[in-house]
Amino acid sequence: MMAAATVVEKLYGTERALSGFYHSPVFIALWAVAAVAGLWLMIRRGTIRKPATFLLHISFMLILAGALITMLTGSMGMIHLRQGFVNAKWSTDEGMRRELPFTLKLEEFSIDYYPGSEDPSDYRSRVVVIDSRTDKETEYVISMNHILKYDGYRFYQSDYDEDLHGSILSVSHDPWGVGVTYTGYLILLISLAGFFFQKNSGFRNALKRLKNHGNTL
């Protein structure tokens with residue numbers, strides 16, 4: 001099913017893959033069954049007595065939980081900014097209008113081109129975040145390779161107006177899922193490092209076999 005989802009995403013785009021596979025009840029149910037089965041195997045095999053292996057399984061479960069939380073509570077959409085004007089309203093992918101807890105103002109939009117050509121190498125929006133809660137105005141630069149993170153929101157450079165006086169930003173609001181997912185990845189790194197020290201781990205056994213093989217040469 002993962003392979004089919006990848007093919008659909010490549011041919012028809014991410015939205016088609018999300019609606020047809022990643023966000024479908026069947027796909028979610030399969031991941032839930034995999035998570036429960038993994039937890040059952042951990043308990044049955046006494047994996048808790050092997051810290052690195054136990055943390056590895058926990059990390060996968062947290063990553064899956066983070067993805068589920070993102071799907072249930074996160075939202076994505078777009079915001080259109082015009083140079084010199086403020087805006088706090090954005091539209092979700094579901095067509096809902098929402099308001100940011102702060103205001104964005106586009107100061108300048110610019111395009112960088114590859115030397116000797118008219119092909120854009122980067123789009124750049126210089127914006128000011130106006131936060132009435134703290135009475136602060138802070139300037140940021142958003143580009144294709146640099147996102148803006150502010151108060152649980154992420155802004156990505158997506159498109160621009162033909163007259164170069166307007167910028168279109170993708171908006172992602174996922175206050176809980178990202179934290180859970182990143183925690184899962186952190187535990188994953190810790191568990192992988194733990195295999196260097198865990199007795200009788202597959203990694204250490206492989207090192208022993210290599211060492212024994214080297215001694216016999």
Distance (rounded to the nearest 0.5 Å) between [X] [atom1] and [Y] [atom2]:
{"X": "Gln157", "Y": "Ile147", "atom1": "CD", "atom2": "CD1", "value": "12.5 Å"}
{"X": "Ser191", "Y": "Ile58", "atom1": "OG", "atom2": "CD1", "value": "10.5 Å"}
{"X": "Thr181", "Y": "Leu62", "atom1": "OG1", "atom2": "CG", "value": "8.5 Å"}
{"X": "Arg124", "Y": "Asn145", "atom1": "CZ", "atom2": "CG", "value": "11.0 Å"}
{"X": "Leu148", "Y": "Leu104", "atom1": "CG", "atom2": "CG", "value": "7.0 Å"}
{"X": "Leu189", "Y": "Leu55", "atom1": "CG", "atom2": "CG", "value": "11.5 Å"}

Val127/Lys105 under side chain to side chain contact (heavy atoms under 4.5 Å, CB included): CA gap, chis, key distance, verdict:
CA-CA 5 Å; Val127 302; Lys105 180 182 179 182; over 6 Å; no
With a 4.5 Å limit on heavy-atom distance, are the side chains of [X] and [Y] in contact?
{"X": "Asn87", "Y": "Thr103", "result": "no"}
{"X": "Glu107", "Y": "Gln83", "result": "no"}
{"X": "Ser117", "Y": "Tyr114", "result": "yes"}
{"X": "Tyr113", "Y": "Asp119", "result": "no"}

Looking at every heavy atom in both [X] and [Y], which two are closest together, and how far apart are they?
{"X": "Tyr153", "Y": "Glu99", "result": "OH-O, 4.4 Å"}
{"X": "Leu169", "Y": "Ser125", "result": "CD2-OG, 4.3 Å"}
{"X": "Val128", "Y": "Glu137", "result": "CG1-CB, 4.0 Å"}
{"X": "Val141", "Y": "His146", "result": "O-ND1, 3.0 Å"}

Angle between ring planes, Phe109 versus Tyr160, binned at 30° and 60°: parallel, tilted or perpendicular?
parallel
Please check this pair: side chain of Asp122 against backbone of Met144, looking for a donor-acceptor N/O pair closer than 3.5 Å.
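Yes, because the side chain of Asp122 sits within donor-acceptor range (under 3.5 Å) of the backbone of Met144.
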Has the side chain of His173 got a donor or acceptor atom that lies under 3.5 Å from a matching backbone atom of Met76?
no
Should the heavy atoms of other residues, nucleotides or ligands under 6.0 Å from CD of Glu118 be counted, would the total exceed 12?
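No, CD of Glu118 has 12 or fewer neighbouring heavy atoms, counting only those of other groups under 6.0 Å.
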Ser121 side chain to Asp112 side chain, donor-acceptor N/O pair below 3.5 angstrom
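No pair is found: no donor N or O on one side chain lies under 3.5 Å from an acceptor on the other.
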Between Ser91 and Arg97, do the side chains contain an N or O donor and an N or O acceptor separated by less than 3.5 Å?
yes
So if you build clusters from Ile, Leu, Val, Met, Phe, Trp, Tyr with side-chain heavy-atom gaps below 4.5 Å, do [X] and [Y] land together?
{"X": "Ile79", "Y": "Phe85", "value": "no"}
{"X": "Leu100", "Y": "Val86", "value": "no"}
{"X": "Trp176", "Y": "Ile187", "value": "yes"}
{"X": "Val180", "Y": "Leu186", "value": "yes"}

One pair to check against side chain to side chain contact (heavy atoms under 4.5 Å, CB included): Ile168 and Met78. What are the steps and the verdict?
CA-CA 7 Å; Ile168 300 174; Met78 309 288 287; 3.2 Å; yes
Quick one: do Phe102 and Asp151 satisfy side chain to side chain contact (heavy atoms under 4.5 Å, CB included)? Show the steps, please.
CA-CA 9 Å; Phe102 48 87; Asp151 198 22; 4.0 Å; yes
Ring center gap for Phe155 and Tyr150 short of 6.0 angstrom
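No: the rings miss the under 6.0 Å criterion.
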Pairs involving residues 64-83, ordered by first then second residue, that meet salt bridge (charged side-chain N to carboxylate O under 4.0 Å, His left out) (sequence neighbours left out):
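Sorted pair list: Arg82-Asp161, Arg82-Asp163.
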Between Tyr156 and Ser172, is a side chain to side chain contact (heavy atoms under 4.5 Å, CB included) present by the stated rule, with each step listed?
CA-CA 8 Å; Tyr156 305 81; Ser172 174; 4.1 Å; yes
Given side chain to side chain donor-acceptor pair (under 3.5 Å), test Arg98 with Ser75 step by step and report yes or no.
CA-CA 10 Å; Arg98 293 185 178 178; Ser75 54; 3.1 Å; yes
